[in-house]
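To start, the structure itself, in structure tokens.
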2 protein chains.
Amino acid sequence: MAVRLDATDRKILVELQRDADQSLDEIARNVGSSKTPVWNRIRKMRDAGVIRQTTVLLDPDALGLEACFFVLIRTSEHEAEWQRRFLEALRARPEVLEAHRLAGDIDYILKVQVANARAYDTFYQALISEVRVHNVTALLSMEVIKSTTSLPLKA
Amino acid sequence: MAVRLDATDRKILVELQRDADQSLDEIARNVGSSKTPVWNRIRKMRDAGVIRQTTVLLDPDALGLEACFFVLIRTSEHEAEWQRRFLEALRARPEVLEAHRLAGDIDYILKVQVANARAYDTFYQALISEVRVHNVTALLSMEVIKSTTSLPLKA
DNA sequence: CACCATTCAGGATATTTTCCTATATTGCAG
DNA sequence: CTGCAATATAGGAAAATATCCTGAATGGTG
């Protein structure tokens with residue numbers, strides 16, 4: 001079900017992306033409305049799937065996950081069965097935070113968050129032993145310049 | 001202030017990452033405790049910065065942001081002033097969801113979420129007109145295989 | 001075993017969510 | 001422009017929840 005979002009909806013989403021812990025009254029004040037319409041709009045956007053999840057963002061360093069790798073993968077395999085097993089392997093591994101199938105030269109990109117280079121190597125060895133890939137390049141993040149889950153909304 | 005996380009803390013974090021809308025009683029039930037210790041532990045982890053933010057994850061497609069690009073950037077510039085301006089430019093642009101400085105051959109990687117290829121080109125032109133970069137490769141995501149903000153926690 | 005510090009469960013109160021109702025607003029046909 | 005129907009709104013009542021307090025339980029230590 002597609003939902004047409006108006007300016008108030010978008011303001012609410014901006015507030016929720018900024019801080020989902022706010023009370024309805026606070027959000028209502030920030031968007032210039034009252035709690036009932038805000039509540040109805042949030043419920044509607046939840047039901048429509050515009051809002052997918054409320055969650056908490058953790059500090060990777062505080063959890064000892066100090067190494068972030070972007071992994072570029074080329075493969076010569078393109079059969080359905082191989083792909084199914086590859087996707088399953090990625091979905092099953094919690095250190096894989098993102099995985100995209102790409103257009104062009106490089107077939108897949110992964111974002112992998114692990115404790116250190118050794119942990120990455122363990123992950124890498126396990127992955128390539130499970131599914132054959134042609135060429136893998138790992139890019140190691142030295143510094144997170146920016147990291148947000150807030151999608152841009154035309155206010 | 002570093003916090004030592006025990007098994008209960010990690011269970012709480014797993015629950016909060018899964019669904020931060022749960023009531024304290026629910027979380028307490030799920031981790032086998034009662035609401036007071038859960039509440040105290042959450043507050044402590046918030047204060048310590050382990051929990052950085054409570055937020056809402058939105059569906060990019062529902063907002064008309066149907067194109068996700070990973071952008072690989074090489075530059076010959078490595079002066080402090082250039083870098084400062086480059087970081088500022090990235091932080092100021094809301095379509096840049098992630099930006100990392102990398103080790104090795106490629107200097108930076110960005111994750112950019114936009115409406116379509118045209119919008120990406122607009123972003124790209126604006127960026128290179130603002131700061132000089134040597135070489136830019138854009139990888140277009142065809143399919144999101146996995147996308148999570150949940151960091152792996154040894155339960 | 002006794003002491004201290006820490007963590008716990010359960011309860012009291014303040015706050016918030018959830019839903020209802022009556023009013024206001026908007027879009028639209030005549 | 002006017003009146004009607006559909007929709008959105010503000011405010012309030014009841015239920016649920018967060019927040020904080022108290023006293024009991026626990027675990028490590030001399």
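The structure presented is a predicted model; accordingly, all values stated were derived computationally and were not measured. Side chains are part of it too, since the values below use all heavy atoms of this structure and drop only hydrogens, waters and symmetry mates. Just so it is clear: chains get the letters A, B, ... in the order the sequence lines come, proteins before strands, and each one is counted from 1.
Looking at Glu26(B), its side chain does come within 3.5 Å of a backbone N or O of Ser23(B) through a donor-acceptor pair. Judged by distance alone, with hydrogens and angles left aside, the side-chain atoms of Arg101(A) form no donor-acceptor pair with the main-chain N or O of Val144(B) at under 3.5 Å. When atom types are taken as modelled, the side chain of Gln53(A) and the backbone of Gln17(B) share a donor-acceptor pair closer than 3.5 angstrom.
Residue pairs meeting the salt bridge (charged side-chain N to carboxylate O under 4.0 Å, His left out) criterion with at least one partner in residues 114-132 of chain A, sequence neighbours excluded, are Arg93(A)-Glu130(A). Under the side-chain hydrogen bond (donor to acceptor under 3.5 Å, both in side chains) criterion, the residue pairs touching residues 27-42 of chain B are Asp6(B)-Arg41(B), Asp9(B)-Arg41(B), Glu15(B)-Asn30(B), Gln22(B)-Asn30(B), with sequence neighbours excluded.
Here Glu66(A) pairs with nothing under the salt bridge (Lys or Arg N to Asp or Glu O under 4.0 Å) rule; sequence neighbours left out.
Regarding Lys35(A), its NZ atom lies at a distance of 17 Å from the P atom of dA16(D), rounded to whole Å. Between Asp9(B) atom CG and dT6(C) atom P there is a gap of 16 Å when expressed in whole angstrom units. The CH2-P distance, from Trp39(B) to dT7(C), rounds to 15 Å in whole Å. The CZ atom of Arg43(B) sits 13 Å away from the P atom of dC8(C) (whole-angstrom rounding).
Within residues 19-31 of chain B, no residue has any heavy atom closer than 4.0 Å to DNA chain C.
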### Message
Between Thr75(B) and Asp107(B), is the side chain to side chain contact (heavy atoms under 4.5 Å, CB included) condition met? List the steps.
### Response
CA-CA 7 Å; Thr75(B) 180; Asp107(B) 295 303; 3.6 Å; yes
### Message
Please evaluate residues Phe123(B) and Phe69(B) with respect to the criterion ring pair (Phe, Tyr, Trp, His ring centres under 6.0 Å), reporting the C-alpha separation (whole Å), side-chain torsions for both, the decisive distance (0.1 Å), and the verdict.
### Response
CA-CA 11 Å; Phe123(B) 159 79; Phe69(B) 288 86; 9.1 Å; no
Tabulate protein N/O versus nucleotide N/O from nucleotides 6-9 of chain D, keeping only pairs under 3.5 Å, one per line.
{"from": "dT9(D)", "atom 1": "OP1", "to": "Arg41(A)", "atom 2": "NH2", "distance (Å)": "3.1"}
{"from": "dT9(D)", "atom 1": "OP2", "to": "Arg41(A)", "atom 2": "NE", "distance (Å)": "3.4"}

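The environment of NZ in Lys146(B) is crowded: more than 12 heavy-atom neighbours from other residues, nucleotides or ligands sit within 6.0 Å.
Rounded to 10 degrees, the angle separating the terminal helix axes of the helix from dC1(C)-dG30(D) to dG30(C)-dC1(D), each built from five base pairs, is 30°.
Arg52(B) and Ser147(A) share no donor-acceptor pair across their side chains, judged by distance under 3.5 Å alone.
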